[in-house]
Protein chains: 2
Amino acid sequence: IAMKKVSCCWCPSLTTGRDSACFCLLAVLIALYMLLGAAIFSSLERPAELQANNLWSSRFETFSEEYNISHEELRSFLQDYEEARTAGIRAHRARALWDFPGAFYFVGTVVSTIGFGVSAPSTLTGKIFLVFYGLLGCSATILFFNLFLERLVTFLSVVILWCYQRRSQQNRLEDKDDGSHSEATGKPSIPQVTLILLVSVLLVACCAASVYSAMEGWTYLESLYFCFVAFSTVGFGDFVSGQREKHEGTRGYQVANCLLMLLGVCCTYSLFNAISVIIKQGLNWLLNYLDVMYIC
Amino acid sequence: IAMKKVSCCWCPSLTTGRDSACFCLLAVLIALYMLLGAAIFSSLERPAELQANNLWSSRFETFSEEYNISHEELRSFLQDYEEARTAGIRAHRARALWDFPGAFYFVGTVVSTIGFGVSAPSTLTGKIFLVFYGLLGCSATILFFNLFLERLVTFLSVVILWCYQRRSQQNRLEDKDDGSHSEATGKPSIPQVTLILLVSVLLVACCAASVYSAMEGWTYLESLYFCFVAFSTVGFGDFVSGQREKHEGTRGYQVANCLLMLLGVCCTYSLFNAISVIIKQGLNWLLNYLDVMYIC
Ligand SMILES: [K+]
Ligand SMILES: [K+]
């Protein structure tokens with residue numbers, strides 16, 4: 001079976017030159033977007049970094065003097081602590097990482113490619129196993145996300161067709177024609193899907209954030225930030241849900257956490273795909289515009 | 001424009017019931033796969049975690065006694081260190097995180113959704129900006145990956161058509177027919193694409209691993225593990241390339257690092273998609289098999 005998905009219907013124009021131009025234009029735009037982002041983040045975060053550096057230097061100095069510890073000795077202690085951290089030790093006791101629920105949470109972050117990094121395999125066998133496990137697991141999850149998107153669009157089609165039929169019945173009574181062609185076919189348009197997905201993601205994020213801010217001791221804004229970082233599968237690991245020792249007993253919260261994550265990741269993946277189609281349309285429009293400019 | 005990609009040609013059967021069955025079967029299989037994975041990782045990593053716990057407890061105890069520091073005091077010092085770590089401080093000096101190249105690396109981990117978490121925005125403005133920045137950036141990157149996959153399949157089609165034409169010329173000379181229909185159309189089959197992508201990923205990973213093991217002081221196996229974790233966009237952050245202080249000056253290595261990552265992530269994304277199509281075919285085969293079983 002040939003790779004149909006790729007060869008058909010994704011791009012309106014099927015000429016190779018046009019597609020390559022589209023690809024190159026996107027690459028250039030992403031590079032520019034990254035340069036812009038780097039400049040902004042650098043200006044936002046650099047002062048905070050320098051301030052944290054000064055704060056830590058003075059803390060280090062004071063501690064070293066107070067207990068009469070040489071800098072080398074203290075640094076080597078911190079180095080050991082860093083190694084212990086990668087095996088899951090925290091200054092204030094966190095929950096066990098590699099009991100069964102912990103390992104399940106870890107496996108979830110692997111197959112969803114969130115990868116918080118709170119736990120990562122420390123043994124060589126674990127590392128080798130991870131590669132093979134992840135290869136199959138990540139592929140299966142991509143398929144799951146794609147099927148979710150497919151199911152969602154089918155569901156939205158049904159809903160929109162139903163709405164259209166209701167409206168056309170009303171119109172027949174009122175003898176009007178609103179001329180919306182896309183609804184007549186019962187297929188949702190890209191902006192419709194994007195809007196619905198955006199609202200869904202916001203709803204899930206707001207619900208999840210209120211749960212997290214109650215259970216994790218984060219502010220609501222921090223919880224929203226965590227939701228975005230987790231749902232987009234970026235997963236920095238600066239905030240990670242369900243890691244406190246007290247959460248070990250609350251099975252209900254753990255399950256809710258997993259379900260919220262699953263729903264959030266699925267919706268956000270769909271939203272990214274919908275936005276990417278809009279970007280694609282924008283690129284085509286831009287190429288057409290450049291074509292016209294070039295010919296004139 | 002209707003969401004064509006989703007509605008056409010991804011699934012051989014277009015009946016809704018069949019698709020839902022496919023989706024549910026996949027969900028169940030992924031859940032089982034995750035439970036199995038959790039059991040295996042738990043048994044592999046739990047002993048190492050307990051050992052690391054003991055090691056750290058004794059180190060903590062010894063240090064506390066040696067310098068006559070109360071446990072609370074030492075724990076609070078480590079707590080402060082953890083906070084400093086999130087702002088990028090390390091026991092042994094690492095490179096600056098939020099200078100321009102550092103911020104660029106950070107932005108790269110955001111839009112690719114790798115998210116190593118070595119640096120994450122610490123200011124509230126940075127966090128809010130990240131959400132909007134990531135929304136557009138991640139969508140653009142998904143489009144980039146999809147276009148890369150499209151370009152790749154087009155390229156492979158051309159290569160395979162060329163190979164077929166060469167072979168058919170030879171066959172005409174030798175008057176043979178090998179009957180391979182998929183090559184005749186010039187479209188690569190899924191197993192062909194998967195195999196080529198697997199070889200590509202392995203090649204990129206091996207090249208990258210030899211660079212990383214030379215520059216980062218990791219073993220070759222550790223470098224390969226890092227490559228998989230980075231290329232699959234899981235990004236635990238236990239190993240992160242280009243973070244040492246000495247790398248600040250080596251601009252060539254930084255650029256090579258970015259290019260290797262880009263190539264690796266693109267190829268691995270394509271590989272995951274190819275494998276996901278194979279899994280989809282497997283699911284359909286399984287559903288057919290279950291249908292037959294159920295009818296009998
Ligand atoms: K990630
Ligand atoms: K990550």
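A, B, ... follow the sequence lines: proteins, then strands. Residue 1 opens every chain.
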Relative to each other, are the rings of A:F106 and B:F236 parallel, tilted or perpendicular (30° and 60° limits)?
parallel
Largest heavy-atom contact set with chain B, pairs under 4.5 Å, which of A:I128, A:L135, A:I114
A:L135
Choice from A:L124, A:L130, A:V201 maximising heavy atom contacts with chain B below 4.5 Å
A:L130
In terms of heavy-atom proximity below 4.5 Å to chain A, should B:Y105 be classed as side chain, backbone, both, or neither?
neither
With side chain to side chain contact (heavy atoms under 4.5 Å, CB included) as the criterion, how do B:D19 and A:T154 come out once you've worked through the C-alpha distance, each side chain's angles and the decisive distance to 0.1 Å?
CA-CA 10 Å; B:D19 281 3; A:T154 309; 5.7 Å; no
For the pair B:R46 and A:D99, find out whether any cationic side-chain nitrogen is under 4.0 Å from an anionic carboxylate oxygen.
no
Before you tell me yes or no, could you show the steps for A:Y67 and B:E73 under side chain to side chain contact (heavy atoms under 4.5 Å, CB included), namely the whole-Å CA-CA distance, both residues' side-chain angles and the distance that decides it to 0.1 Å?
CA-CA 11 Å; A:Y67 294 99; B:E73 192 62 35; 2.8 Å; yes
Apply side chain to side chain contact (heavy atoms under 4.5 Å, CB included) to A:I69 and B:E66, showing your working.
CA-CA 10 Å; A:I69 313 168; B:E66 193 177 344; over 6 Å; no
Looking only at heavy atoms and a cut-off of under 4.5 Å, which of A:V111, A:L35, A:L55 has the most pairs with chain B?
A:L35
Interchain contact, B:V229 with chain A, by part (heavy-atom threshold 4.5 Å):
side chain
Sort A:F132 into side chain, backbone, both or neither according to what part of it lies under 4.5 angstrom from a heavy atom of chain B.
backbone
Restricting to non-hydrogen atoms, name the atom on B:D238 and the atom on A:A120 that form the minimum distance, rounded to 0.1 Å.
OD2-CB, 3.4 Å
Spacing of A:C258 atom SG and B:M34 atom CE [to the nearest 0.5 Å]
7.0 Å
Partner chain B: residue of A:L283, A:L36, A:L44 with the largest heavy-atom pair count (under 4.5 Å):
A:L44
Chain B contacts, top residue of A:G102, A:S122, A:A52 (heavy-atom pairs, under 4.5 Å):
A:S122
With only heavy atoms counted, which part of B:L97 is less than 4.5 Å from chain A, the side chain, the backbone, both or neither?
both
Validation row: B:I40, A:F129 side chains within 4.5 angstrom (heavy atoms):
yes
Of the backbone (N, CA, C, O) and the side chain (C-beta and beyond), which part of B:L136 lies under 4.5 Å from a heavy atom of chain A, both, or neither?
both
Under 4.5 Å from any heavy atom of chain A, what part of B:Q51 do you find: side chain, backbone, both or neither?
neither
Closest non-hydrogen atoms of A:F272 and B:S139, given as atom of the first, atom of the second and distance, are CD2-OG, 3.4 Å
When heavy-atom pairs shorter than 4.5 Å are enumerated against chain B, which of A:G108, A:S232, A:G237, A:A27 gives the highest number?
A:A27
Could you pull out the closest heavy-atom pair between B:V107 and A:F41, with the gap in Å?
CG2-CD1, 3.8 Å
Quick one: pull up CG in A:L143 and NZ in B:K280 and give me the separation to the nearest 0.5 Å.
6.0 Å
Partner chain A: residue of B:L29, B:V118, B:L74 with the largest heavy-atom pair count (under 4.5 Å)
B:L74
Contact class of B:F226 relative to chain A, heavy atoms under 4.5 angstrom:
neither
Chain A contacts, top residue of B:P121, B:S43, B:G134, B:S119 (heavy-atom pairs, under 4.5 Å)
B:P121
Ring centres of B:F23 and A:F144 under 6.0 Å apart?
yes
Classify the ring geometry between A:W56 and B:Y81 as parallel (under 30°), tilted (30 to 60°) or perpendicular (over 60°).
tilted
Could you measure the distance from the CG atom of B:L26 to the CG atom of A:L147? Nearest 0.5 Å is fine.
6.0 Å
Comparing B:L224, B:T268, B:T233 against chain A, the one with the most heavy-atom pairs below 4.5 Å turns out to be B:T233
Shortest non-hydrogen contact from B:E45 to A:T123?
OE2-OG1, 2.8 Å
Heavy-atom closest pair (A:V110 atom, B:V234 atom, distance to 0.1 Å) is O-CG2, 3.8 Å
Less than 6.0 angstrom separating the ring centers of A:Y133 and B:Y33, yes or no?
yes
Minimum heavy-atom distance between A:F100 and B:A39, given as atom pair plus value:
CE1-N, 3.5 Å
Check whether the ring centres of A:F63 and B:F77 lie less than 6.0 Å apart, and answer yes or no.
yes
Pick from B:C227, B:A48, B:G126: which one has the most heavy-atom pairs with chain A under 4.5 Å?
B:G126
In a check of side-chain contact (heavy atoms from CB on, under 4.5 Å) between A:I142 and each of B:N273, B:I275, B:I279, B:V277, which one passes?
B:N273
